Amino acid sequence: MPRQLGELEDAVMTRVWQWNRPVTVREVLEDLQRERSIAYTTVMTVMDNLHQKGWVRREVSGRAYRYTAVSTRAAYSAALMNEAWSKSDNPAAALVAFFGMMSQEQREALQDAIRVVQRDTPEEVPAQAPEVLPEGGAERARGAGGGADAGR
């Protein structure tokens, strides 16, 4: 289960996810500097840590690395929600409380997601009814065939 990203890790990953292409430390640094004063080495360390934790992969490009996200923001969010939900002692109540916090727009997105999952999930095949033997048939089957696997 993933641990929640720290504030700076999240700021870096947000850019990696949004840009959806290999990025350099310099590119992330320049974009972060629009919001805050931050050193190149700080961004480099954060991106190296994200690589070590498995959030990004990197490949050498000249004298620098290019970093790419390993998974999506949606997958990260889903894993966090699943982890929080699985720790609840009453999962149904946790879902009801969570749904109660949602805006109308979020509820509509949830309904859309449920429709997608239902559409992509194969329909369940109803279980076949157990074979019904006439009265005393089980004893006759065991006696005549030598057990439950007889005749198979």
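Everything quoted here is computed from the prediction, not taken from an experiment.
Once rounded to the nearest 0.5 Å, the distance linking CG of N20 with OG1 of T72 reads 9.5 Å. Atom OH of residue Y40 and atom OG1 of residue T45 lie 10.0 Å apart, to the nearest 0.5 angstrom. R66 contributes atom CZ, which lies 7.0 Å from atom CZ of R21 (distance to the nearest 0.5 angstrom). Taking CD of E105 as the start and CG of L110 as the end, the distance is 13.0 Å to the nearest 0.5 Å. The CD atom of E108 sits 7.5 Å away from the CG atom of D112 when rounded to the nearest 0.5 Å.
Residues V70 and L80 are members of separate hydrophobic clusters, defined by side-chain heavy-atom contacts under 4.5 angstrom among Ile, Leu, Val, Met, Phe, Trp and Tyr. F98 and V117 are not part of a single hydrophobic cluster, where members link through side-chain heavy atoms under 4.5 Å apart. No continuous path of hydrophobic side-chain contacts links M101 to I114 [ILVMFWY only; heavy atoms under 4.5 Å].
Atom OH of Y76 is surrounded by more than 12 heavy atoms from other residues, nucleotides or ligands within 6.0 Å. Atom CH2 of W19 has more than 12 heavy atoms from other residues, nucleotides or ligands within 6.0 Å. Heavy atoms from other residues, nucleotides or ligands lying under 6.0 Å from CD of Q104 number more than 12.
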- Task: Please test M47 against R58 for side chain to side chain contact (heavy atoms under 4.5 Å, CB included), starting from the C-alpha separation and ending with a verdict.
- Result: CA-CA 9 Å; M47 294 184 81; R58 68 184 179 194; over 6 Å; no
- Verify side chain to side chain contact (heavy atoms under 4.5 Å, CB included) between L50 and L5, making sure each step is shown before the conclusion. CA-CA 9 Å; L50 289 167; L5 294 171; 4.0 Å; yes
- Query: How far apart are the C-alpha atoms of M44 and D48, what are their side-chain angles, what is the distance that settles it, and do they pass the side chain to side chain contact (heavy atoms under 4.5 Å, CB included) test?
  - Reply: CA-CA 6 Å; M44 183 177 64; D48 184 60; 5.6 Å; no
- Query: Taking it one step at a time, do V60 and Y65 satisfy side chain to side chain contact (heavy atoms under 4.5 Å, CB included)?
  - Reply: CA-CA 4 Å; V60 176; Y65 285 116; 3.6 Å; yes
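When all heavy atoms are compared, the tightest approach of S88 to P91 is OG-N, 3.6 Å. Residues A94 and W85 come closest through the heavy atom pair CB-CD1, 4.1 Å. Nearest heavy atom pair, residue E83 against residue S86, reads O-OG, 2.9 Å. Here the closest heavy-atom approach between residue G100 and residue R107 is recorded as O-NH2, 3.7 Å.
Looking at residues two or more places apart in sequence or on another chain, you find a side-chain contact (heavy atoms from CB on, under 4.5 Å) between I38 and L8, L29, L32, Q33, R36, T42, V43.
No side-chain heavy atom of V12 sits under 4.5 Å from any side-chain heavy atom of Y67. Between R119 and R115, every side-chain heavy-atom pair lies at or beyond the 4.5 Å cut-off.
Of the possible donor and acceptor atoms, none in the side chain of S77 sits under 3.5 Å from a partner among the backbone N and O of A74.
Looking at R15, Q4, R73 one by one, the single match for side chain to side chain donor-acceptor pair (under 3.5 Å) with D10 turns out to be R73.
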